[in-house]
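Okay, structure first, notes after.
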Amino acid sequence: MKTTSDYLEEVIEEIGGFGKFQVLLHGSILLSKVSITWSLLIMAFAGAAPDWWCVYPNTTYTPASGAINYNTTVLPSSSPNVTVPEMTKSFQTCTPPSNESSVCQSFVFDDSMRTIINEWGLICDDKWVTATVSSVQMAGLLISGLLGGQLADVIGRKPTFYVSILILSVFNIVAGFSTSWIMFAVTRFIIGLGCGAYLTVFYTFSVEFTPTKFRPIQIAVPDWSIWAALLGFFSYILKDWKSLHILTGGLTGLSLFTWWIVPESFRWLVSHDKLAEADKVIKKIARMNNHPKPDLNKLRAVVDSDPSFQGSRQYTFLELIRDRSLLKTTALAGVGWFSCGYAYYAISYSVDQLSGDLYLNMFLLSVIDIPALMSIWYLSNRLGRRWTCLGYFMIGSAACLGVAVSQMIDVDSGLQKTLINGFALAAKFGVSASWAAIMAFTTEVYPTVVRNIGYGTQNSISRIGALIAPQLVLVNKVTPGVMYIICFVVTLTSAITCLLLKETKDKTISDNLEVRVAANRK
(Lines give C-alpha, C1' and ligand atoms only; values in the text may rest on other atoms or scores of the structure.)
Protein backbone atom coordinates (compact mmCIF):
# COMPACT_ATOMS: atom_id res chain seq x y z
CA MET A 1 0.00 0.00 0.00
CA LYS A 2 1.30 3.43 -0.97
CA THR A 3 2.01 6.03 1.68
CA THR A 4 1.04 9.66 1.24
CA SER A 5 4.71 10.50 0.65
CA ASP A 6 5.09 7.95 -2.15
CA TYR A 7 1.91 9.16 -3.80
CA LEU A 8 2.98 12.82 -3.73
CA GLU A 9 6.36 11.92 -5.24
CA GLU A 10 4.49 10.36 -8.16
CA VAL A 11 2.30 13.46 -8.46
CA ILE A 12 5.40 15.69 -8.80
CA GLU A 13 6.62 13.55 -11.70
CA GLU A 14 3.17 13.50 -13.34
CA ILE A 15 2.93 17.30 -13.37
CA GLY A 16 6.29 17.77 -15.07
CA GLY A 17 9.00 16.88 -12.55
CA PHE A 18 11.50 19.72 -12.71
CA GLY A 19 9.70 21.90 -15.21
CA LYS A 20 8.99 25.56 -15.97
CA PHE A 21 7.28 26.13 -12.62
CA GLN A 22 10.24 24.74 -10.65
CA VAL A 23 12.66 26.89 -12.64
CA LEU A 24 10.53 29.96 -11.90
CA LEU A 25 10.27 29.02 -8.21
CA HIS A 26 14.01 28.52 -7.82
CA GLY A 27 14.62 31.73 -9.76
CA SER A 28 12.37 33.66 -7.37
CA ILE A 29 14.28 32.26 -4.40
CA LEU A 30 17.60 33.08 -6.12
CA LEU A 31 16.46 36.72 -6.42
CA SER A 32 15.46 36.80 -2.76
CA LYS A 33 18.87 35.51 -1.66
CA VAL A 34 20.25 39.06 -1.82
CA SER A 35 18.25 39.73 1.34
CA ILE A 36 19.84 37.03 3.45
CA THR A 37 23.34 37.12 1.92
CA TRP A 38 23.89 40.85 2.26
CA SER A 39 22.10 41.08 5.61
CA LEU A 40 24.37 38.46 7.15
CA LEU A 41 27.67 39.40 5.50
CA ILE A 42 27.37 43.19 5.47
CA MET A 43 29.17 43.40 8.82
CA ALA A 44 32.32 42.11 7.09
CA PHE A 45 32.53 45.62 5.62
CA ALA A 46 30.44 47.66 8.08
CA GLY A 47 32.54 46.33 10.98
CA ALA A 48 35.92 46.66 9.26
CA ALA A 49 38.39 49.09 10.87
CA PRO A 50 39.84 51.80 8.61
CA ASP A 51 43.32 53.13 9.34
CA TRP A 52 43.30 55.52 12.29
CA TRP A 53 45.64 57.64 14.39
CA CYS A 54 45.66 59.02 17.89
CA VAL A 55 46.15 62.79 17.94
CA TYR A 56 47.79 64.36 21.01
CA PRO A 57 47.28 67.87 22.44
CA ASN A 58 50.39 69.34 20.78
CA THR A 59 49.73 67.63 17.47
CA THR A 60 47.41 68.84 14.74
CA TYR A 61 46.39 66.73 11.79
CA THR A 62 44.06 67.32 8.90
CA PRO A 63 43.38 64.31 6.68
CA ALA A 64 43.81 64.87 2.98
CA SER A 65 40.92 64.20 0.65
CA GLY A 66 40.87 60.89 -1.20
CA ALA A 67 42.53 57.62 -0.43
CA ILE A 68 46.15 57.92 0.75
CA ASN A 69 48.61 55.23 1.71
CA TYR A 70 49.30 56.43 5.24
CA ASN A 71 51.50 53.41 5.99
CA THR A 72 54.37 55.04 4.12
CA THR A 73 56.71 57.54 5.76
CA VAL A 74 55.51 60.27 3.39
CA LEU A 75 52.86 62.40 5.06
CA PRO A 76 50.17 64.34 3.20
CA SER A 77 51.04 67.97 2.55
CA SER A 78 47.93 69.03 4.46
CA SER A 79 49.56 67.83 7.71
CA PRO A 80 52.45 70.30 8.17
CA ASN A 81 52.45 70.12 11.98
CA VAL A 82 52.83 66.34 12.22
CA THR A 83 56.31 64.86 12.15
CA VAL A 84 57.17 61.39 10.91
CA PRO A 85 58.12 60.01 14.37
CA GLU A 86 54.90 61.33 15.95
CA MET A 87 52.79 59.90 13.15
CA THR A 88 54.45 56.51 13.31
CA LYS A 89 53.98 56.17 17.05
CA SER A 90 50.35 57.27 17.03
CA PHE A 91 49.21 54.94 14.22
CA GLN A 92 46.49 52.62 15.57
CA THR A 93 47.85 52.98 19.11
CA CYS A 94 45.54 53.59 22.06
CA THR A 95 48.29 54.58 24.51
CA PRO A 96 50.47 57.69 24.09
CA PRO A 97 54.13 57.45 23.08
CA SER A 98 56.79 57.60 25.81
CA ASN A 99 57.44 61.29 25.12
CA GLU A 100 53.77 62.18 25.68
CA SER A 101 52.26 62.48 29.16
CA SER A 102 48.67 63.13 28.05
CA VAL A 103 45.98 60.89 26.60
CA CYS A 104 44.64 61.04 23.06
CA GLN A 105 42.90 64.30 22.33
CA SER A 106 41.02 62.81 19.37
CA PHE A 107 41.14 60.07 16.80
CA VAL A 108 41.62 60.62 13.10
CA PHE A 109 40.36 58.06 10.61
CA ASP A 110 41.21 57.40 7.01
CA ASP A 111 38.11 58.76 5.30
CA SER A 112 38.42 56.59 2.19
CA MET A 113 35.82 54.22 3.69
CA ARG A 114 32.92 54.77 6.05
CA THR A 115 32.12 52.00 8.54
CA ILE A 116 30.42 51.96 11.94
CA ILE A 117 33.88 52.17 13.50
CA ASN A 118 34.68 55.66 12.23
CA GLU A 119 30.98 56.60 12.41
CA TRP A 120 30.94 56.24 16.20
CA GLY A 121 34.65 55.92 17.10
CA LEU A 122 34.48 52.22 18.03
CA ILE A 123 38.15 51.66 18.85
CA CYS A 124 40.29 51.22 21.97
CA ASP A 125 37.90 51.10 24.94
CA ASP A 126 34.92 50.68 22.60
CA LYS A 127 36.43 48.05 20.26
CA TRP A 128 34.13 45.42 21.77
CA VAL A 129 31.04 47.05 20.30
CA THR A 130 31.51 45.80 16.72
CA ALA A 131 31.81 42.15 17.75
CA THR A 132 28.86 42.57 20.12
CA VAL A 133 26.64 43.99 17.36
CA SER A 134 27.42 40.94 15.21
CA SER A 135 26.66 38.62 18.13
CA VAL A 136 23.39 40.45 18.84
CA GLN A 137 22.34 39.86 15.25
CA MET A 138 23.14 36.16 15.59
CA ALA A 139 21.08 36.03 18.78
CA GLY A 140 18.13 37.18 16.68
CA LEU A 141 18.77 34.34 14.25
CA LEU A 142 18.98 31.84 17.09
CA ILE A 143 15.57 32.88 18.45
CA SER A 144 13.76 33.08 15.12
CA GLY A 145 15.24 29.79 13.95
CA LEU A 146 13.08 28.04 16.53
CA LEU A 147 10.07 30.33 16.24
CA GLY A 148 10.23 30.50 12.44
CA GLY A 149 10.26 26.74 12.11
CA GLN A 150 7.22 26.41 14.34
CA LEU A 151 5.48 29.25 12.50
CA ALA A 152 6.13 27.73 9.06
CA ASP A 153 4.73 24.39 10.17
CA VAL A 154 1.61 26.01 11.68
CA ILE A 155 0.59 28.84 9.31
CA GLY A 156 2.44 27.67 6.19
CA ARG A 157 5.68 28.07 4.27
CA LYS A 158 4.61 30.96 2.06
CA PRO A 159 3.49 33.54 4.66
CA THR A 160 6.54 32.84 6.82
CA PHE A 161 8.84 33.24 3.81
CA TYR A 162 7.41 36.59 2.73
CA VAL A 163 7.08 38.05 6.23
CA SER A 164 10.82 37.42 6.68
CA ILE A 165 11.56 39.24 3.40
CA LEU A 166 9.40 42.19 4.48
CA ILE A 167 11.29 42.44 7.81
CA LEU A 168 14.66 42.36 6.03
CA SER A 169 13.63 45.02 3.53
CA VAL A 170 12.22 47.48 6.07
CA PHE A 171 14.83 47.17 8.80
CA ASN A 172 17.87 47.25 6.52
CA ILE A 173 16.66 50.66 5.39
CA VAL A 174 16.03 51.71 9.00
CA ALA A 175 19.53 50.51 9.94
CA GLY A 176 20.98 52.82 7.30
CA PHE A 177 19.55 55.79 9.19
CA SER A 178 20.80 54.73 12.63
CA THR A 179 21.90 57.65 14.82
CA SER A 180 23.81 55.61 17.42
CA TRP A 181 25.42 52.21 17.69
CA ILE A 182 22.71 51.18 20.15
CA MET A 183 19.99 51.94 17.60
CA PHE A 184 22.04 50.10 15.00
CA ALA A 185 22.39 47.06 17.28
CA VAL A 186 18.61 46.97 17.81
CA THR A 187 17.95 47.05 14.06
CA ARG A 188 20.57 44.34 13.51
CA PHE A 189 18.78 42.16 16.08
CA ILE A 190 15.47 42.57 14.23
CA ILE A 191 17.27 41.86 10.94
CA GLY A 192 18.59 38.72 12.64
CA LEU A 193 15.00 37.70 13.42
CA GLY A 194 14.11 38.10 9.75
CA CYS A 195 17.22 36.18 8.65
CA GLY A 196 16.44 33.29 10.97
CA ALA A 197 12.88 32.95 9.67
CA TYR A 198 14.08 33.14 6.06
CA LEU A 199 16.79 30.53 6.51
CA THR A 200 14.37 28.22 8.28
CA VAL A 201 11.84 28.13 5.47
CA PHE A 202 13.44 28.92 2.11
CA TYR A 203 15.05 25.56 1.38
CA THR A 204 12.28 23.32 2.70
CA PHE A 205 9.80 25.52 0.81
CA SER A 206 11.52 24.84 -2.51
CA VAL A 207 12.42 21.20 -1.90
CA GLU A 208 8.77 20.26 -1.34
CA PHE A 209 8.05 21.14 -4.99
CA THR A 210 11.11 19.31 -6.31
CA PRO A 211 11.70 15.69 -7.43
CA THR A 212 14.20 13.62 -5.46
CA LYS A 213 17.01 13.84 -8.03
CA PHE A 214 16.87 17.62 -8.23
CA ARG A 215 16.60 18.43 -4.52
CA PRO A 216 20.26 19.46 -4.08
CA ILE A 217 20.00 21.92 -6.99
CA GLN A 218 18.89 24.77 -4.71
CA ILE A 219 22.18 24.35 -2.86
CA ALA A 220 24.29 23.61 -5.94
CA VAL A 221 23.36 26.87 -7.69
CA PRO A 222 25.90 29.33 -6.21
CA ASP A 223 23.41 32.17 -5.74
CA TRP A 224 24.70 32.94 -2.23
CA SER A 225 28.27 33.19 -3.53
CA ILE A 226 27.26 35.39 -6.45
CA TRP A 227 25.42 37.80 -4.17
CA ALA A 228 28.31 37.74 -1.69
CA ALA A 229 30.78 38.60 -4.45
CA LEU A 230 28.49 41.43 -5.55
CA LEU A 231 28.47 42.69 -1.95
CA GLY A 232 32.25 42.98 -2.18
CA PHE A 233 31.89 44.86 -5.46
CA PHE A 234 29.30 47.32 -4.15
CA SER A 235 31.32 47.78 -0.95
CA TYR A 236 34.21 48.87 -3.15
CA ILE A 237 31.97 51.20 -5.18
CA LEU A 238 30.02 52.79 -2.30
CA LYS A 239 32.55 52.48 0.57
CA ASP A 240 29.77 53.51 2.95
CA TRP A 241 27.89 51.30 5.43
CA LYS A 242 24.73 53.42 5.33
CA SER A 243 24.39 53.27 1.55
CA LEU A 244 24.96 49.51 1.61
CA HIS A 245 22.14 48.98 4.10
CA ILE A 246 19.70 51.13 2.12
CA LEU A 247 20.63 49.34 -1.11
CA THR A 248 20.14 45.97 0.61
CA GLY A 249 16.67 46.97 1.78
CA GLY A 250 15.69 48.24 -1.66
CA LEU A 251 16.83 45.13 -3.54
CA THR A 252 15.20 42.88 -0.95
CA GLY A 253 11.87 44.64 -1.41
CA LEU A 254 11.75 43.57 -5.07
CA SER A 255 11.25 39.95 -3.98
CA LEU A 256 7.91 40.83 -2.38
CA PHE A 257 6.40 41.05 -5.88
CA THR A 258 6.91 37.30 -6.38
CA TRP A 259 4.10 36.71 -3.86
CA TRP A 260 1.67 36.43 -6.79
CA ILE A 261 3.82 33.80 -8.52
CA VAL A 262 4.77 31.40 -5.73
CA PRO A 263 1.99 29.23 -4.20
CA GLU A 264 1.82 27.50 -0.84
CA SER A 265 3.56 24.12 -0.61
CA PHE A 266 1.05 21.45 -1.63
CA ARG A 267 2.91 18.96 0.59
CA TRP A 268 2.26 21.21 3.58
CA LEU A 269 -1.39 21.57 2.56
CA VAL A 270 -1.83 17.80 2.26
CA SER A 271 -0.05 17.14 5.57
CA HIS A 272 -2.55 19.54 7.20
CA ASP A 273 -5.53 17.86 5.50
CA LYS A 274 -6.23 20.83 3.21
CA LEU A 275 -6.74 18.65 0.14
CA ALA A 276 -8.95 21.08 -1.82
CA GLU A 277 -6.31 23.83 -1.61
CA ALA A 278 -3.58 21.33 -2.48
CA ASP A 279 -5.57 20.33 -5.56
CA LYS A 280 -5.63 23.96 -6.77
CA VAL A 281 -1.86 24.30 -6.34
CA ILE A 282 -1.20 21.05 -8.22
CA LYS A 283 -3.47 22.25 -11.07
CA LYS A 284 -1.50 25.51 -11.27
CA ILE A 285 1.85 23.69 -11.42
CA ALA A 286 0.59 21.25 -14.07
CA ARG A 287 -0.70 24.15 -16.18
CA MET A 288 2.61 26.07 -15.95
CA ASN A 289 4.58 22.92 -16.83
CA ASN A 290 2.27 22.22 -19.80
CA HIS A 291 1.26 18.85 -18.36
CA PRO A 292 -2.25 17.48 -17.84
CA LYS A 293 -3.58 17.62 -14.31
CA PRO A 294 -3.22 14.20 -12.66
CA ASP A 295 -6.20 12.29 -11.31
CA LEU A 296 -6.25 13.17 -7.62
CA ASN A 297 -9.37 11.20 -6.77
CA LYS A 298 -7.12 8.63 -5.11
CA LEU A 299 -5.52 11.22 -2.84
CA ARG A 300 -8.27 11.11 -0.24
CA ALA A 301 -8.20 7.32 -0.22
CA VAL A 302 -4.41 7.26 0.14
CA VAL A 303 -4.51 9.78 2.99
CA ASP A 304 -7.28 7.91 4.82
CA SER A 305 -5.47 4.57 4.51
CA ASP A 306 -2.06 5.91 5.57
CA PRO A 307 -1.59 5.00 9.27
CA SER A 308 1.10 7.64 9.69
CA PHE A 309 -1.14 10.48 8.46
CA GLN A 310 -2.28 12.82 11.22
CA GLY A 311 -3.53 15.87 9.38
CA SER A 312 -5.37 17.57 12.26
CA ARG A 313 -2.50 17.22 14.72
CA GLN A 314 -0.39 20.23 15.68
CA TYR A 315 3.33 19.53 15.95
CA THR A 316 5.84 21.30 18.18
CA PHE A 317 9.54 21.29 18.97
CA LEU A 318 8.84 18.60 21.58
CA GLU A 319 8.35 16.06 18.77
CA LEU A 320 12.10 16.19 18.19
CA ILE A 321 12.67 15.15 21.81
CA ARG A 322 9.88 12.61 22.29
CA ASP A 323 10.84 10.53 19.27
CA ARG A 324 14.12 8.73 19.93
CA SER A 325 15.04 8.55 16.25
CA LEU A 326 14.38 12.27 15.68
CA LEU A 327 16.33 13.15 18.83
CA LYS A 328 19.34 11.19 17.60
CA THR A 329 19.10 12.81 14.16
CA THR A 330 18.80 16.30 15.67
CA ALA A 331 21.82 15.79 17.95
CA LEU A 332 24.09 14.36 15.24
CA ALA A 333 23.15 16.93 12.60
CA GLY A 334 23.37 19.68 15.22
CA VAL A 335 27.10 19.11 15.65
CA GLY A 336 27.63 19.80 11.95
CA TRP A 337 25.36 22.85 11.92
CA PHE A 338 27.10 24.32 14.98
CA SER A 339 30.55 23.92 13.43
CA CYS A 340 29.42 25.39 10.11
CA GLY A 341 27.86 28.41 11.81
CA TYR A 342 31.00 29.05 13.82
CA ALA A 343 33.57 28.40 11.09
CA TYR A 344 31.75 30.21 8.26
CA TYR A 345 31.26 33.49 10.11
CA ALA A 346 34.61 33.34 11.90
CA ILE A 347 36.34 33.20 8.52
CA SER A 348 34.03 35.77 6.91
CA TYR A 349 34.20 38.33 9.74
CA SER A 350 37.99 38.05 10.05
CA VAL A 351 38.51 39.09 6.42
CA ASP A 352 40.20 42.31 7.57
CA GLN A 353 42.88 40.17 9.29
CA LEU A 354 44.04 38.81 5.93
CA SER A 355 46.82 40.57 4.05
CA GLY A 356 46.11 42.57 0.92
CA ASP A 357 43.14 44.61 -0.24
CA LEU A 358 39.96 44.29 1.88
CA TYR A 359 37.57 44.38 -1.08
CA LEU A 360 39.55 41.84 -3.09
CA ASN A 361 39.65 39.49 -0.09
CA MET A 362 35.88 39.86 0.38
CA PHE A 363 35.44 38.98 -3.29
CA LEU A 364 37.79 35.97 -3.16
CA LEU A 365 36.20 34.56 0.01
CA SER A 366 32.86 34.75 -1.82
CA VAL A 367 33.75 33.31 -5.23
CA ILE A 368 35.62 30.39 -3.64
CA ASP A 369 32.16 29.13 -2.65
CA ILE A 370 31.05 28.78 -6.29
CA PRO A 371 33.00 25.62 -7.22
CA ALA A 372 32.22 24.21 -3.76
CA LEU A 373 28.47 24.64 -4.13
CA MET A 374 28.34 23.55 -7.77
CA SER A 375 29.92 20.23 -6.82
CA ILE A 376 27.23 19.43 -4.24
CA TRP A 377 24.56 18.35 -6.70
CA TYR A 378 26.86 15.90 -8.49
CA LEU A 379 28.59 14.47 -5.43
CA SER A 380 25.39 14.16 -3.36
CA ASN A 381 23.80 12.08 -6.11
CA ARG A 382 26.99 10.17 -6.90
CA LEU A 383 28.50 9.47 -3.48
CA GLY A 384 25.51 10.07 -1.27
CA ARG A 385 24.76 12.74 1.33
CA ARG A 386 26.88 11.25 4.15
CA TRP A 387 30.14 10.85 2.25
CA THR A 388 29.81 14.28 0.65
CA CYS A 389 29.45 15.87 4.10
CA LEU A 390 32.36 13.86 5.45
CA GLY A 391 34.71 14.77 2.62
CA TYR A 392 34.11 18.49 2.77
CA PHE A 393 34.28 18.64 6.55
CA MET A 394 37.71 16.96 6.33
CA ILE A 395 38.89 19.54 3.77
CA GLY A 396 37.67 22.39 5.98
CA SER A 397 39.25 20.86 9.08
CA ALA A 398 42.67 20.40 7.45
CA ALA A 399 42.65 23.95 6.04
CA CYS A 400 41.67 25.48 9.40
CA LEU A 401 44.60 23.69 11.00
CA GLY A 402 46.80 25.08 8.24
CA VAL A 403 45.75 28.67 9.02
CA ALA A 404 46.26 28.16 12.77
CA VAL A 405 49.78 26.79 12.31
CA SER A 406 50.66 29.53 9.80
CA GLN A 407 49.55 32.25 12.22
CA MET A 408 51.61 30.84 15.08
CA ILE A 409 54.89 29.89 13.39
CA ASP A 410 57.81 32.30 13.04
CA VAL A 411 58.66 32.45 9.33
CA ASP A 412 59.31 35.08 6.67
CA SER A 413 56.50 37.64 6.78
CA GLY A 414 55.72 37.39 3.07
CA LEU A 415 55.53 33.60 3.18
CA GLN A 416 53.40 33.67 6.31
CA LYS A 417 50.86 36.03 4.74
CA THR A 418 50.66 33.85 1.63
CA LEU A 419 50.12 30.70 3.69
CA ILE A 420 47.43 32.33 5.84
CA ASN A 421 45.49 33.69 2.85
CA GLY A 422 45.78 30.42 0.93
CA PHE A 423 44.68 28.19 3.80
CA ALA A 424 41.89 30.64 4.72
CA LEU A 425 40.46 30.37 1.19
CA ALA A 426 40.70 26.56 1.35
CA ALA A 427 38.98 26.58 4.75
CA LYS A 428 36.16 28.75 3.40
CA PHE A 429 35.81 26.35 0.46
CA GLY A 430 35.50 23.30 2.72
CA VAL A 431 33.19 24.92 5.27
CA SER A 432 30.84 26.41 2.64
CA ALA A 433 30.53 23.08 0.84
CA SER A 434 30.00 21.25 4.15
CA TRP A 435 27.21 23.60 5.15
CA ALA A 436 25.51 23.25 1.76
CA ALA A 437 25.79 19.45 1.94
CA ILE A 438 24.41 19.12 5.45
CA MET A 439 21.66 21.62 4.62
CA ALA A 440 20.43 19.39 1.80
CA PHE A 441 20.89 16.34 4.01
CA THR A 442 18.87 17.82 6.89
CA THR A 443 15.77 18.60 4.83
CA GLU A 444 15.51 14.94 3.85
CA VAL A 445 15.86 13.34 7.28
CA TYR A 446 12.81 15.11 8.79
CA PRO A 447 9.18 14.32 7.82
CA THR A 448 7.15 17.14 6.25
CA VAL A 449 5.03 17.72 9.36
CA VAL A 450 8.12 18.60 11.44
CA ARG A 451 10.56 19.46 8.64
CA ASN A 452 10.55 23.19 9.29
CA ILE A 453 10.69 22.65 13.05
CA GLY A 454 13.69 20.35 12.64
CA TYR A 455 15.35 22.56 10.05
CA GLY A 456 14.66 25.65 12.16
CA THR A 457 16.16 23.94 15.19
CA GLN A 458 19.33 23.18 13.24
CA ASN A 459 19.47 26.79 12.05
CA SER A 460 19.25 27.95 15.65
CA ILE A 461 22.03 25.56 16.65
CA SER A 462 24.22 27.00 13.90
CA ARG A 463 23.57 30.50 15.26
CA ILE A 464 25.06 29.52 18.60
CA GLY A 465 28.32 28.94 16.73
CA ALA A 466 27.80 32.11 14.68
CA LEU A 467 27.11 34.09 17.88
CA ILE A 468 30.43 32.95 19.36
CA ALA A 469 32.39 33.58 16.15
CA PRO A 470 32.66 37.43 16.33
CA GLN A 471 34.05 37.22 19.87
CA LEU A 472 36.70 34.72 18.77
CA VAL A 473 37.57 36.98 15.83
CA LEU A 474 38.35 39.67 18.41
CA VAL A 475 40.41 37.22 20.49
CA ASN A 476 42.29 36.09 17.39
CA LYS A 477 43.61 39.63 16.90
CA VAL A 478 45.34 39.36 20.27
CA THR A 479 46.22 35.66 20.19
CA PRO A 480 46.61 34.57 16.54
CA GLY A 481 45.59 31.01 15.75
CA VAL A 482 43.05 30.45 18.54
CA MET A 483 40.02 31.00 16.34
CA TYR A 484 41.23 28.53 13.71
CA ILE A 485 42.24 25.84 16.21
CA ILE A 486 38.64 25.79 17.44
CA CYS A 487 37.52 25.70 13.79
CA PHE A 488 39.74 22.64 13.24
CA VAL A 489 38.33 20.79 16.26
CA VAL A 490 34.62 21.38 15.54
CA THR A 491 34.83 20.57 11.81
CA LEU A 492 36.76 17.37 12.49
CA THR A 493 34.13 16.31 15.02
CA SER A 494 31.41 17.05 12.48
CA ALA A 495 33.06 14.79 9.92
CA ILE A 496 32.70 11.90 12.36
CA THR A 497 29.06 12.59 13.27
CA CYS A 498 28.07 12.74 9.57
CA LEU A 499 28.83 9.03 9.27
CA LEU A 500 26.28 8.25 11.99
CA LEU A 501 23.36 9.82 10.10
CA LYS A 502 21.15 7.66 7.87
CA GLU A 503 21.78 7.99 4.13
CA THR A 504 18.88 9.61 2.21
CA LYS A 505 20.17 9.33 -1.36
CA ASP A 506 17.39 8.09 -3.70
CA LYS A 507 14.99 7.85 -0.76
CA THR A 508 11.41 9.17 -0.71
CA ILE A 509 11.13 12.01 1.75
CA SER A 510 8.61 11.25 4.47
CA ASP A 511 5.57 13.46 4.93
CA ASN A 512 4.34 12.14 8.30
CA LEU A 513 5.79 10.78 11.51
CA GLU A 514 6.05 7.02 11.43
CA VAL A 515 4.36 5.02 14.16
CA ARG A 516 7.38 3.78 16.10
CA VAL A 517 5.90 2.91 19.47
CA ALA A 518 5.35 -0.74 18.67
CA ALA A 519 8.69 -1.03 16.93
CA ASN A 520 10.52 0.46 19.91
CA ARG A 521 8.92 -2.06 22.23
CA LYS A 522 10.15 -5.03 20.21
Side-chain angles (χ1 to χ4, degrees), residues 1-30 152-153 156-158 161 201-221 258 261-306 308-309 311 376-377 380-381 385 439-452 454-455 503-514:
M1 182 180 295
K2 291 181 181 179
T3 64
T4 306
S5 302
D6 292 330
Y7 182 77
L8 292 178
E9 286 291 339
E10 292 179 1
V11 168
I12 292 178
E13 295 295 342
E14 288 181 36
I15 59 179
F18 196 86
K20 180 181 176 182
F21 168 79
Q22 280 75 15
V23 172
L24 190 61
L25 171 70
H26 286 267
S28 299
I29 292 177
L30 186 151
D153 278 332
R157 310 328 195 194
K158 181 177 178 178
F161 179 72
V201 75
F202 91 93
Y203 186 66
T204 54
F205 191 20
S206 63
V207 83
E208 289 173 1
F209 289 101
T210 309
T212 303
K213 183 179 178 180
F214 293 91
R215 285 177 204 150
I217 197 171
Q218 183 70 59
I219 300 298
V221 176
T258 63
I261 299 174
V262 179
E264 180 57 270
S265 164
F266 67 86
R267 280 185 176 273
W268 179 86
L269 292 170
V270 170
S271 68
H272 286 71
D273 206 18
K274 299 181 179 183
L275 303 190
E277 295 178 47
D279 183 73
K280 293 179 182 178
V281 172
I282 292 171
K283 284 181 180 178
K284 177 179 180 179
I285 298 172
R287 186 172 60 253
M288 292 185 68
N289 285 346
N290 293 319
H291 274 65
K293 175 186 172 293
D295 181 11
L296 297 179
N297 292 327
K298 293 189 297 183
L299 180 58
R300 169 52 68 185
V302 171
V303 167
D304 290 341
S305 63
D306 188 347
S308 66
F309 184 82
I376 294 299
W377 185 17
S380 292
N381 285 319
R385 285 29 167 179
M439 188 182 295
F441 201 179
T442 301
T443 58
E444 296 176 345
V445 296
Y446 288 109
T448 299
V449 290
V450 292
R451 184 169 298 125
N452 261 107
Y455 192 80
E503 181 57 70
T504 58
K505 177 178 176 287
D506 298 327
K507 304 293 184 181
T508 299
I509 57 175
S510 174
D511 283 304
N512 302 293
L513 286 175
E514 298 174 7

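Both backbone and side-chain heavy atoms feed into the values below; hydrogens, waters and symmetry mates do not. Throughout, residue positions are numbered sequentially from 1 according to the sequence presented. All values reported here derive from a predicted model rather than from experimental measurement.
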### Message
Is there a side-chain contact between S206 and F161 in this structure, where contact means two heavy atoms from C-beta onward sitting under 4.5 Å apart?
### Response
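Heavy-atom side-chain distance check fails, nothing below 4.5 Å.
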### Query
Does the side chain of V281 come within less than 4.5 Å of W268's, by heavy atoms?
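Result no, sub-4.5 Å side-chain heavy-atom pair not found.
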### Message
Let's go through V270 and L275 carefully: what are the C-alpha distance in whole Å and the side-chain angles of both, what is the deciding distance for side-chain contact (heavy atoms from CB on, under 4.5 Å) to 0.1 Å, and is it a yes or a no?
### Response
CA-CA 5 Å; V270 170; L275 303 190; 4.1 Å; yes
#### Entry: Closest contact, heavy atoms only, I15 versus A286
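Reported closest heavy-atom pair: CG2-CB, 3.8 Å.
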### Query
Where is the tightest heavy-atom contact between F205 and S265, given as atom of each residue plus distance?
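Distance-wise, the nearest heavy atoms are CE1-N, 3.8 Å.
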### More than 12 heavy atoms of other groups within 6.0 Å of K293 NZ
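Result for NZ/K293: enclosed.
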### Task
May I ask you to decide if the ring planes of H26 and F18 are parallel, tilted or perpendicular, using 30° and 60° as cut-offs?
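H26 vs F18 ring planes: tilted.
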How far does [atom1] of [X] sit from [atom2] of [Y], to the nearest 0.5 angstrom?
X: I12; Y: I285; atom1: CD1; atom2: CD1; value: 8.0 Å
X: M439; Y: F202; atom1: CE; atom2: CZ; value: 5.0 Å
X: T210; Y: F21; atom1: OG1; atom2: CZ; value: 8.5 Å

### Query
Of R267, R157, K158, which meets salt bridge (charged side-chain N to carboxylate O under 4.0 Å, His left out) against E208?
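Single pass found, and it is R157.
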### Task
Would you check if the side chain of E13 reaches a backbone N or O of P211 as a donor-acceptor pair within less than 3.5 Å?
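No, E13 side chain to P211 backbone: no donor-acceptor pair under 3.5 Å.
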### Task
Begin from the C-alpha positions of Q22 and N289 and carry the test side-chain contact (heavy atoms from CB on, under 4.5 Å) through to its verdict.
CA-CA 9 Å; Q22 280 75 15; N289 285 346; 3.2 Å; yes
